[in-house]
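For reference, the structure discussed in these notes is given below.
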Amino acid sequence: MDTRSVSQSKRPRNLPSADALIPSQIEPVVEEVLSSTPFIDVHTHLFSPAFGKLGLWGIDELLTYHYLEAEFFRSSDMPPERYWKLSKREQADAIWQVLFVENTPISEATRGIIALLKAFELPAESADLEEARSFFKAQRIESHSQRVLQMAGVSTVAMTNDPLDPEEQSIWMNGLKPHPQFQSVLRLDRILCDWGGHWQQLAKQGYAVDAHASGKTAIEIRRFLSDWHERMHPVYMAVSLPDTFQFPEDTIQNKLLAEAVIPSCRELDLPLSLMIGVRRQVNPRLHLAGDAVGRTDLGALENLCRAFPGNRFLVSVLSRENQHELCVYARKFNNLMPFGCWWFLNNPSIAEEITRERIEMLGASFIPQHSDARVLEQVIYKWQNTRMLLTRLLANSYRLLSNNGRGIRRQDIQHDVTRLFRSNFEKWTRLNATGSSLSDLRKEGHESDKDR
Ligand code: HDL
Ligand code: ZN
């Protein structure tokens, strides 16, 4: 007795469409689509060449990355206070010696350096850094940055721009030629996380603000934000918030968020990026490497998404323990876009766990990764790692779907990869197509010196 219902017995057998991939073809096609699609890197600390020394690149900056400094202090007897007195070159030599010569570079951050040396065909087992130094010294940043982005398969990066950083502020005030591959981001930590230490800077610039954020302060901060929007043309505004962040709460931070920043984002049609969960300076002796992580009460995020349905929130949380609930909240609020495996989460073991649960709960409606690169060449290994991970995870998802009874075509894979690594962000930030691909940029005359 045929146990299928009458309707099922009449339905034609689910013949796979002519261009459906056979299971063994799925992974190679996923790999090829990932490698041929230029990604948008939605959060970095990189700068376009016009920012000069603010943009970090080359072997000495790569080795003195704060992730490596934290690991150096674990394997060296050198007290941090002595390390900070060394020159950048001496610091890099010390890190190379301890983490790469005396010990095996098996951590995520040390392996990244090895992957970079290989990408530039530089020796990975030298006793010193001389050959690497002369290679980078011979590069010109304009052509080098384009070559690096091309090697990383990245068409566009979002910077982190601080309007209250004195060095960066003067560069913007003197006028800056925009670079289509480096989109600006208006970063608000000094205002939202240290109003007491920065309100006078705004007052000095003629904004009628005060220490208690009373009177016209909120309106004047909105004027400040719109002035900097005019100057920077940011693709979003951003703030990093501590693990203790609450909303609503009777604090100046909450007041400035609710009465200035969030209304400005709505008025300017910009997402607000909330990066939540940092425990700042748990060990100040380590400087930038001294921050840690704390689990956040994401009820604050729930309240924000519900209270401001007309705003778009781009959210990354730092604690592994918050990741699953972030996915649940993303299912409840479509004005919440989870992004990235941030900082201490950007390791294969945890990035896999996070990305799998996001695919299972959100399909392709999220942004899997950002590099958080501080030094230009880091994008090469960080995106190499993400492509390797996503090849495995997406292939697995498509095999499961195929087993469930739906054929997978190359165009399905291209659609999903484009959504995950480009159009989810482009739609949210209204980023036009000019940042779309390196070949388009070349056509528009942005070719690197190498091509001349
Ligand atoms: O606040 C942030 O944007 C963080 O990414 C910090 O810059 C942190 O120091 C970092 O570089 N994480 O990767
Ligand atoms: Zn960052």
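The first residue of the sequence shown is numbered 1, and numbering continues consecutively from there. Each ligand, and each atom within it, is numbered from 1 in the order the structure gives.
Among protein heavy atoms, atom 11 (O) of ligand 1 sits closest to R374 NE, 2.8 Å. Protein heavy atom at the shortest distance from atom 2 (C) of ligand 1 is R187 NH2, 3.4 Å. The protein heavy-atom contact nearest to atom 4 (C) of ligand 1 is W342 NE1, 3.6 Å. Protein heavy atom in closest approach to atom 9 (O) of ligand 1: H66 NE2, 3.1 Å.
For F339 and F366, the gap between ring centers reaches or exceeds 6.0 Å.
Without hydrogens or angle criteria, S87 side chain to E90 main chain gives a donor-acceptor distance under 3.5 Å. Judged by distance alone, the side chain of R279 and the main-chain N or O of R295 form no donor-acceptor pair under 3.5 Å. In this structure a side-chain-to-backbone donor-acceptor pair under 3.5 Å is missing from R223 to A208.
Of all the heavy atoms of H370, none lies under 4.0 Å from any atom of ligand 1, so neither backbone nor side chain is involved.
Side chain to side chain, S319 and E321 meet the donor-acceptor criterion of an N or O pair below 3.5 Å. When only modelled atom types and interatomic distance are considered, E108 and N385 share a side-chain donor-acceptor pair under 3.5 Å.
Between the choices W343, Y65, F344, the shortest heavy-atom distance to atom 12 (N) of ligand 1 belongs to W343.
A heavy-atom distance below 4.5 Å is found between the side chains of L99 and S75.
Residue S240 has at least one heavy-atom neighbour below 4.0 Å for each of these atoms of ligand 1: 1 (O). The M275 neighbourhood of ligand 1 comprises atoms 3 (O), with distances under 4.0 Å to a heavy atom of that residue. Applying the 4.0 Å criterion to heavy atoms of Y67 picks out, from ligand 1, the atoms 12 (N), 13 (O). Listed by number with element, the atoms of ligand 1 under 4.0 Å from a non-hydrogen atom of R280 are 1 (O). Atoms of ligand 1 lying under 4.0 Å from at least one heavy atom of H43, given by number and element, are 3 (O), 5 (O).
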Output side-chain donor-acceptor pairs under 3.5 Å for residues 40-56, partner residues at least two apart or in another chain, one line each.
from, atom 1, to, atom 2, distance (Å)
D41, OD1, S371, N, 2.8
D41, OD1, S371, OG, 3.4
D41, OD2, S371, OG, 2.5
D41, OD2, W383, NE1, 2.9
H43, NE2, H45, NE2, 3.3
H43, NE2, D372, OD1, 3.2
T44, OG1, L46, N, 3.1
T44, OG1, A158, O, 2.8
H45, NE2, D372, OD1, 2.8

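Minimum-distance N/O/S atom of D372 relative to the Zn ion (ligand 2): OD1.
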